[in-house]
Amino acid sequence: MLEEVERWLARRSWSAADRPLDQLLAAKGGSGTTVSVVLPALNEEATVGAIVETIRRELMTDARPLVDELVVLDSGSTDRTAEVAAAAGARVVHRDDVLPRLPALPGKGEVLWRSLLATSGDVVCFVDADLKDFDAGFVSGIVGPLLTDPDVHFVKAMYDRPLGGEFAPSGPGGAAGQGGRVTELVARPLLNLHWPQLAGFVQPLGGEYAARRSLLERLPFPVGYGVELGLLVDALHTVGLDALAQVDVGVRKHRHQDGQALGRMAAAIYRTAQLRLARGHLVRPSLTQFERTAEGFVPRTYAVDTEERPPMTGIPEYAQRRAA
């Protein structure tokens with residue numbers, strides 16, 4: 001590990017408990033900083049309501065007004081996600097209603113990009129909508145450094161991520177680190193080899209992170225699974241390693257995807273990295289996988305996410321809204 005990264009780990013890695021809520025509220029009140037929380041959601045009726053209720057109960061009351069705005073960005077759900085989220089107290093915005101002149105592309109990154117137009121907070125906090133046993137510390141933990149340290153611009157959550165079943169501590173027989181399969185097999189090798197300054201991030205692909213709007217609006221957003229790696233790499237190049245941080249928020253439980261879905265995720269992440277390493281050198285943007293049927297193994301070819309949305313500062317509607 002680079003000496004620079006060792007120093008960064010000592011200076012820019014914290015626990016959520018390092019900044020009690022009272023300290024964050026005092027810092028927020030003194031600075032006037034506003035906070036938006038965004039939950040990108042696609043068919044998450046089983047979990048989104050509990051997440052919204054927890055944030056509203058613990059971080060959006062008169063006594064604890066840490067979060068100013070809570071938005072669920074619905075990415076075309078066919079279940080009751082929107083209804084459940086609204087009943088729990090979130091403002092629900094449909095992806096297609098944001099920037100309607102641009103037809104929406106499928107993918108999580110597309111929703112996150114559009115959320116900049118659907119929110120107004122100085123700090124934007126993203127939280128995946130499939131989390132189970134959600135704790136408000138996921139939000140307060142990663143927002144905390146942005147409220148208390150003006151030199152920090154981008155904060156990732158870090159956590160144990162058990163692969164199925166109940167949490168087990170790391171060590172012999174433990175399953176604490178087994179959930180991040182694409183992280184360990186694809187993202188971590190890519191970052192260590194090509195962006196070694198980012199080798200200290202425990203969960204580089206995690207969906208829980210917060211950043212200053214002034215940074216996010218200057219970054220391109222890969223529309224699909226590559227969005228987390230793309231934002232992290234581009235944030236490094238835009239504001240430098242010392243402006244990035246991570247916070248331990250405990251244990252993350254969520255729905256895991258099957259192996260083929262992870263393969264498609266890995267391909268999109270590799271493509272995102274490749275674009276940043278050598279723009280213009282085209283890697284074939286498709287992935288063939290195999291499924292066993294009654295007739296034997298059948299090939300299925302999927303397009304790999306290659307589209308990226310430009311920095312939001314270049315979108316006229318965003319500039320008009322910011323000027324208003």
Side-chain angles (χ1 to χ4, degrees), residues 1-9 12-13 107-110 112-113 126 128 153-161 163 176-209 211 215-216 218-246 252 254 256-289 302-309 311:
M1 183 176 291
L2 297 176
E3 290 184 9
E4 178 185 7
V5 177
E6 292 181 350
R7 292 193 297 271
W8 175 84
L9 279 169
R12 292 297 193 225
S13 292
K108 178 184 178 183
E110 177 81 354
L112 300 184
W113 182 71
F126 298 121
D128 282 349
H153 290 259
F154 187 98
V155 183
K156 295 281 292 191
M158 56 178 169
Y159 35 70
D160 290 302
R161 193 177 175 195
L163 180 58
Q178 295 181 9
R181 292 164 286 173
V182 176
T183 292
E184 299 303 329
L185 296 175
V186 181
R188 200 175 308 286
L190 281 171
L191 292 175
N192 276 263
L193 290 169
H194 299 294
W195 295 280
Q197 287 178 298
L198 298 175
F201 277 93
V202 175
Q203 295 289 356
L205 299 185
E208 289 68 49
Y209 47 103
L215 171 61
L216 291 173
R218 290 185 284 158
L219 302 180
F221 277 61
V223 301
Y225 286 129
V227 63
E228 272 82 30
L229 183 132
L231 290 177
L232 186 59
V233 169
D234 292 341
L236 172 68
H237 291 307
T238 302
V239 294
L241 180 61
D242 198 54
L244 314 182
Q246 61 185 348
R252 183 185 198 267
H254 68 119
H256 292 278
Q257 301 195 56
D258 62 36
Q260 293 208 333
L262 294 178
R264 297 191 289 274
M265 181 185 297
I269 289 166
Y270 172 77
R271 172 62 173 165
T272 300
Q274 189 272 336
L275 281 172
R276 281 151 179 78
L277 289 169
R279 292 190 179 273
H281 174 64
L282 181 64
V283 171
R284 182 172 179 265
S286 61
L287 175 72
T288 298
Q289 298 176 316
Y302 300 89
V304 173
D305 297 320
T306 59
E307 296 292 335
E308 296 197 4
R309 292 301 193 184

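Numbering starts at 1 and runs along the sequence shown. Hydrogens, waters and symmetry mates are skipped; everything else that's a heavy atom, side chains included, is used.
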Checklist entry - Does the salt bridge (charged side-chain N to carboxylate O under 4.0 Å, His left out) test come out yes or no for Asp160 and Arg252, once each step is laid out? => result CA-CA 6 Å; Asp160 290 302; Arg252 183 185 198 267; over 6 Å; no
Item to check | Inter-residue atom distance Leu190.CG - Leu198.CG, 0.5 Å rounding | outcome: 11.5 Å
Checklist entry - So, for Gly207 and Lys108, which heavy atoms are closest and what is the spacing to 0.1 Å? => result CA-NZ, 3.7 Å
Item to check | Phe221, Phe154, Tyr209 screened by ring-ring contact (aromatic ring centres under 6.0 Å, His included) with Phe126, the one that passes | outcome: Tyr209
Item to check | Check against side chain to side chain contact (heavy atoms under 4.5 Å, CB included), Val182 and Arg264 | outcome: CA-CA 10 Å; Val182 176; Arg264 297 191 289 274; over 6 Å; no
Next on the checklist: Whether the side chain of Glu208 engages the backbone of Asp128 through a donor-acceptor N/O pair (distance < 3.5 Å, no angle test) should be reported.
Outcome noted: yes
Checklist entry - So which heavy atom on Pro222 is nearest to which on Val227, and how close? => result O-CB, 3.4 Å
Checklist outcome for this item: dist Leu241:CG -> Gln197:CD (nearest 0.5 Å) comes out at 5.5 Å
Item to check | Pairwise side-chain contact, Leu191 with Val233, heavy-atom cut-off 4.5 Å (strictly under) | outcome: yes
Next on the checklist: Could you report the tightest heavy-atom contact between Asn192 and Ala199, atom names first, then the distance?
Outcome noted: OD1-CB, 3.4 Å
Checklist entry - Where the side chain of Gln246 meets the backbone of Gly200, is there a donor-acceptor pair that is under 3.5 Å apart? => result yes
Item to check | Beyond-backbone contact of Pro220 with Asp234, side-chain heavy atoms, under 4.5 angstrom | outcome: yes
Item to check | Full working for salt bridge (charged side-chain N to carboxylate O under 4.0 Å, His left out) between Arg276 and Glu308 | outcome: CA-CA 12 Å; Arg276 281 151 179 78; Glu308 296 197 4; 2.7 Å; yes
Item to check | Gap between atom CG of Leu216 and atom CG of Leu112 - 0.5 Å precision | outcome: 9.5 Å
Checklist entry - For the residue pair Ile269 and Tyr225, what are the closest heavy atoms and their distance? => result CG1-O, 3.9 Å
Checklist entry - Taking only residues at least two apart or on different chains, which pairs with a member in residues 187-204 satisfy salt bridge (charged side-chain N to carboxylate O under 4.0 Å, His left out)? => result Glu184-Arg188
Checklist entry - Donor-acceptor pair, Trp8 side chain versus Leu244 backbone, under 3.5 Å? => result yes
Checklist entry - Between Lys156 and Glu228, does at least one N-O distance fall below 4.0 Å, as a salt bridge requires? => result no
Checklist outcome for this item: For Thr238 and Leu219 the tightest heavy-atom approach is OG1-CD2, 3.4 Å
Item to check | Distance-minimising heavy-atom pair for Pro196 and Leu2 | outcome: CB-CD1, 3.9 Å
Item to check | Ring centre gap for Phe201 and Trp195 strictly below 6.0 Å | outcome: no
